[in-house]
Amino acid sequence: MLDNLLIHALLAGVGICFLAGPLGCFVVWRRMSYFGATLAHAALLGVGLGFVLSINVYIAIIGICVAVSLILVALVKDLRFADDTILGILAHGTLAAGIISVSMFSNVRLDIMTYLFGDILSVSTADLVWIYCGGAISLICLFCLWRPLISITADADIAFVEGVSVSVVRIIFMILIAFVIAVTMKIVGVLLIISLLIIPAAAARPFSRTPEQMALLAIAIGSISVVMGLKLSWWVDTPASPSIVVAATALFFLTLIKKQR
Amino acid sequence: MPIRDEQSILLGSDLSLSYNNSQVLDCVSLDIKRGHITTLVGPNGSGKTSLIKILLEMIKPDSGYVYRQSGIRIGYVPQFVKIDPTLPLTVQRFVSLGGRNPLNEIEKILAEVGANYIKDKPFQSLSGGERRRVLLARALLNKPDLLVLDEPTAGVDVTGQIALYRLIADIRDRRGVGVLLVSHNLHLVMAATDHVICLNCHICCEGRPENISRAPEFLEIFGREATDALALYAHHHDHNHDDGVGVPLSAHEKNAG
């Protein structure tokens with residue numbers, strides 16, 4: 001039974017890293033970590049909405065994330081407020097609403113803790129199906145979009161003049177982010193999702209000469225963090241999800257030893 | 001209004017744009033011709049960049065139309081390109097994002113703009129002048145009929161500016177492309193231009209550089225700066241004989257010198 005738990009956790013964690021690695025690189029390159037964190041906070045509202053409407057939680061989270069992104073796109077055009085102010089309002093407003101909605105419809109406090117901090121040891125087979133099937137589809141999308149995405153990340157105006165459908169690429173990218181947040185939430189929780197996106201990517205940077213190298217290295221570093229975190233949790237009985245994030249953070253600081261060229 | 005002139009590759013007709021209740025462009029019409037260098041000059045906030053964005057179809061004008069000759073390709077060099085330092089991107093890779101050209105073709109184009117020696121450097125480590133050359137290489141990758149350059153000398157020192165204008169004129173001569181340049185300073189612009197359009201929300205005046213710089217509307221906007229530019233041009237000409245950069249402006253040399 002315990003072995004089974006651990007294997008599920010390992011499969012889930014590593015599976016997520018395959019998507020979170022490359023997507024996390026884009027989050028870092030495009031300076032979107034606060035945007036990602038805002039969507040992650042909003043994800044809790046998705047959980048609440050899933051309860052209210054009795055729809056699949058993953059679908060509800062993806063829906064809420066896409067909705068929040070669209071609201072963001074509309075609000076940042078209001079030049080009276082800086083972008084990070086709007087992000088902060090949306091992040092915490094949706095988080096608070098999410099906590100209320102979840103506490104109204106579920107078995108209260110324990111559940112909220114699970115959503116805020118994650119519980120990788122409660123991963124079910126259905127979760128794994130979501131991670132691997134959805135993850136595979138997302139990776140195929142990302143593979144097809146790779147070139148235009150790199151191009152608009154470097155410079156969107158040049159890409160536009162060269163004929164890239166900038167807004168379509170951006171929308172698909174946003175949906176991919178929404179998906180990875182939905183599946184990662186159960187593993188590490190609302191408050192730590194963004195760490196699984198950006199820490200492995202940042203740790204991969206000093207060793208990468210191309211965007212592809214960085215994406216692959218981020219997958220590897222993320223996976224190593226999952227293994228290290230779960231081992232730590234197994235031996236020392238630390239909470240599993242934060243252990244993974246601590247392992248990733250430790251790896252990031254190790255990579256800083258590499259001298260800047 | 002169809003494009004009748006064979007040489008016209010891009011036409012803007014009666015373009016108007018307002019933003020936050022203030023008029024940015026007022027009935028601006030222009031005609032960009034193959035093989036010609038057209039320069040838009042005007043003070044900051046005169047609507048130059050907005051006009052470029054309309055011509056490139058990034059934003060829609062409130063009224064007026066843009067006609068592109070069918071099938072023309074445009075290469076664009078924006079004013080600023082800011083790439084996050086976390087994105088590992090060599091110069092060669094950056095240029096290759098513009099098309100699926102084979103590597104030797106990319107090296108050839110980098111050599112054409114004098115940037116092959118930096119092809120393995122990270123894009124973010126380049127100086128202002130190097131950056132312009134690399135952007136120019138990417139714009140040339142798809143064999144454009146028209147090059148659009150927004151402030152090609154922003155952040156480039158004076159020597160670099162001279163070299164850049166020479167390079168742009170060379171590319172025009174070699175490839176016969178149309179060039180649309182934007183500039184808010186006049187230094188050197190006049191020397192390497194066939195047609196100058198002085199923009200300040202509307203078109204104040206336009207024509208050949210030697211005529212335009214005598215136009216009262218032009219002098220009213222640029223005044224002293226115009227005199228500086230001509231002085232600089234004269235200096236430049238003193239040291240670069242028969243280099244193909246622009247037509248000597250004999251009348252001005254007399255005036256300025």
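First the proteins, then the strands, lettered A, B, ... as listed; each starts at 1.
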Measure distances from [X] to the heavy atoms of chain A and classify the residue's part below 4.5 Å as side chain, backbone, both or neither.
X	answer
B:P144	neither
B:L141	neither
B:F94	side chain

Calculate, to the nearest 0.5 Å, the distance between atoms [atom1] and [atom2] belonging to [X] and [Y] respectively.
X	Y	atom1	atom2	answer
B:L56	A:F160	CG	CZ	8.0 Å
A:S208	B:L87	OG	CG	10.5 Å
B:L97	A:I152	CG	CD1	11.5 Å

For each of A:D157, A:V28, A:I150, tally heavy-atom pairs with chain B at distances under 4.5 Å, and name the one with the top tally.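 So the answer, after comparing A:D157, A:V28, A:I150, is A:D157.
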Determine the option with the most heavy-atom pairs under 4.5 angstrom with chain B, choosing from A:R30, A:Q213, A:R31.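 Highest number of heavy-atom pairs under 4.5 Å: A:R31.
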Would you indicate whether the side-chain heavy atoms of [Y] and [X] approach each other to under 4.5 Å?
X	Y	answer
A:R209	B:P88	no
B:E57	A:V161	no
B:V81	A:I158	yes
B:R93	A:P211	yes

Distance-minimising heavy-atom pair for A:D155 and B:P78: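 In terms of heavy atoms, the two residues are closest at OD1-CG, 4.2 Å.
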Shortest non-hydrogen contact from B:T86 to A:M214?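 Between these two residues, the closest heavy atoms are O-SD, 3.5 Å.
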Inspect the surroundings of [atom1] in [X] and state if more than 12 heavy atoms from other residues, nucleotides or ligands are less than 6.0 Å away.
X	atom1	result
B:R100	CZ	no
B:Y19	OH	no
B:Y65	OH	no
A:F18	CZ	no

Relative to chain A, which of B:G75, B:P85, B:S125 shows the most heavy atom pairs under 4.5 Å?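 When all of B:G75, B:P85, B:S125 are compared, B:P85 has the most.
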